[in-house]
Every structure is written in C-alpha cells, then in structure tokens.
Amino acid sequence: MTGGLQTIIYPVKDLDRAKALFSALLGVEPYADEPYYVGFKDAGQDVGLDPNGHAKGMTGPVPYWHVADITASLQALLEAGADLLKDVQDVGGGRLVAFVKDADGNMIGLLQDPAA
C-alpha cells in the first residue's frame, strides 16, 4: 500500500529559468532553494526541480509514490518486470528515493520519508 502520489520531480537544464516558471505557475516561493534541488509545496503536492536529473537517467517528470517500505516496494516492482534506473539512495535527512522504468518506458519513483 502506498501513501499516494505526493511528489513529482522535473529534470531541468536551467535551474533559474525553471524556478521562475514554477514560481509563476504555483504562485509560491520555493521552500528549498539549493544549487542541486529546488522544491515547492502547493495544494498538498511537493514539486521538485533537479538540475542533475538528466544525468541520473530522468527523461521527463518522475512521479514519486510515497511508501512505507521502499526496499520491499522496489523489489515488488522489479519482480513484476520493472527495470531499475536508480537504486535506493538517501537524498538527505533520511529521505530515501529510487526509481524504475516500466515496460512502456514510463518512470515510476518511490519515496520513503524517515519515521517520525
């Protein structure tokens, strides 16, 4: 079971231009504004901009499903035929992410937040 889609990450080539565009679209300033990631929160959604996303294999926006056990969820996807693109990685503060590609080339992200 998942906590649903709550996060989407866009790979971007020009972080400043993307930040301006998403600030205008969402009508909010970023909550995180670093050279390696810019994040916005709007209407219960986390929208991220990753200037290194293309180098990680992201070919477009990646929706991230929030899960309680990222290792088990990732294993289930791999057993169901997904191709691993990014194994589980701590991206800071205990937040774990991974992503795979399905048989049609669609990206599926998994995200596990640290226990409260």
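When a residue number appears, it is its place in the shown sequence, counting from 1.
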Exercise for the section: Decide yes or no for Leu74 and Leu84: does some side-chain heavy atom of the first lie under 4.5 Å from some side-chain heavy atom of the second? Expected result: yes
Exercise for the section: Would you indicate whether Lys41, at its atom NZ, is surrounded by more than 12 heavy atoms from other residues, nucleotides or ligands within a distance under 6.0 Å? Expected result: yes
Handout entry: Salt-bridge present (Asp46, Arg95; N to O < 4.0 Å)
Key = yes
Practice task
Determine whether Leu49 and Phe40 make a side-chain contact, defined as any pair of heavy atoms from C-beta on separated by less than 4.5 Å.
Solution key: yes
Exercise for the section: Could you pull out the closest heavy-atom pair between Pro11 and Pro61, with the gap in Å? Expected result: CD-N, 3.9 Å
Exercise for the section: Group every Ile, Leu, Val, Met, Phe, Trp and Tyr by side-chain heavy-atom contacts under 4.5 Å, then state whether Leu21 and Val38 land in the same group. Expected result: yes
Exercise for the section: Following the transitive rule for hydrophobic clusters with a side-chain heavy-atom cut-off under 4.5 Å over Ile, Leu, Val, Met, Phe, Trp and Tyr, establish whether Leu77 and Trp65 coincide in one cluster. Expected result: yes
Practice task
Fit a plane to each ring of Tyr64 and Phe99, take the angle between them on a 0 to 90° scale, and name the class: parallel (under 30°), tilted (30 to 60°) or perpendicular (over 60°).
Solution key: perpendicular
Handout entry: Non-hydrogen side-chain atoms of Pro30 and Ser23 separated by less than 4.5 Å
Key = yes
Exercise for the section: Output the distance between atom NZ (Lys101) and atom NZ (Lys86), rounded to the nearest 0.5 Å. Expected result: 15.5 Å
Practice task
Would you indicate whether the side-chain heavy atoms of Val100 and Leu85 approach each other to under 4.5 Å?
Solution key: no
Exercise for the section: Mind checking the CG-CD spacing from Leu26 to Gln45? Nearest 0.5 Å is all I need. Expected result: 10.0 Å
Handout entry: ILVMFWY network linking Leu5 to Leu96, side-chain heavy atoms under 4.5 angstrom
Key = yes
Exercise for the section: Flag the pair Asp113 / His66 as yes when at least one side-chain heavy-atom distance between them is below 4.5 Å, and no otherwise. Expected result: yes
Fill in the blank from the handout: Heavy-atom closest pair (Leu110 atom, Val67 atom, distance to 0.1 Å) is CD2-CG1, 4.1 Å
Handout entry: Straight-line distance of Met107 CE to Asp102 CG, nearest 0.5 Å
Key = 10.5 Å
Handout entry: Same apolar cluster: Val91 and Met58, side chain cutoff 4.5 Å
Key = yes
Handout entry: Passing option when Tyr10 is tested against Asp50, Val47, Val62 for side-chain contact (heavy atoms from CB on, under 4.5 Å)
Key = Val47
Exercise for the section: Please answer: with hydrophobic residues joined when any side-chain heavy atoms are less than 4.5 Å apart, are Leu15 and Ile8 in the same cluster? Expected result: yes
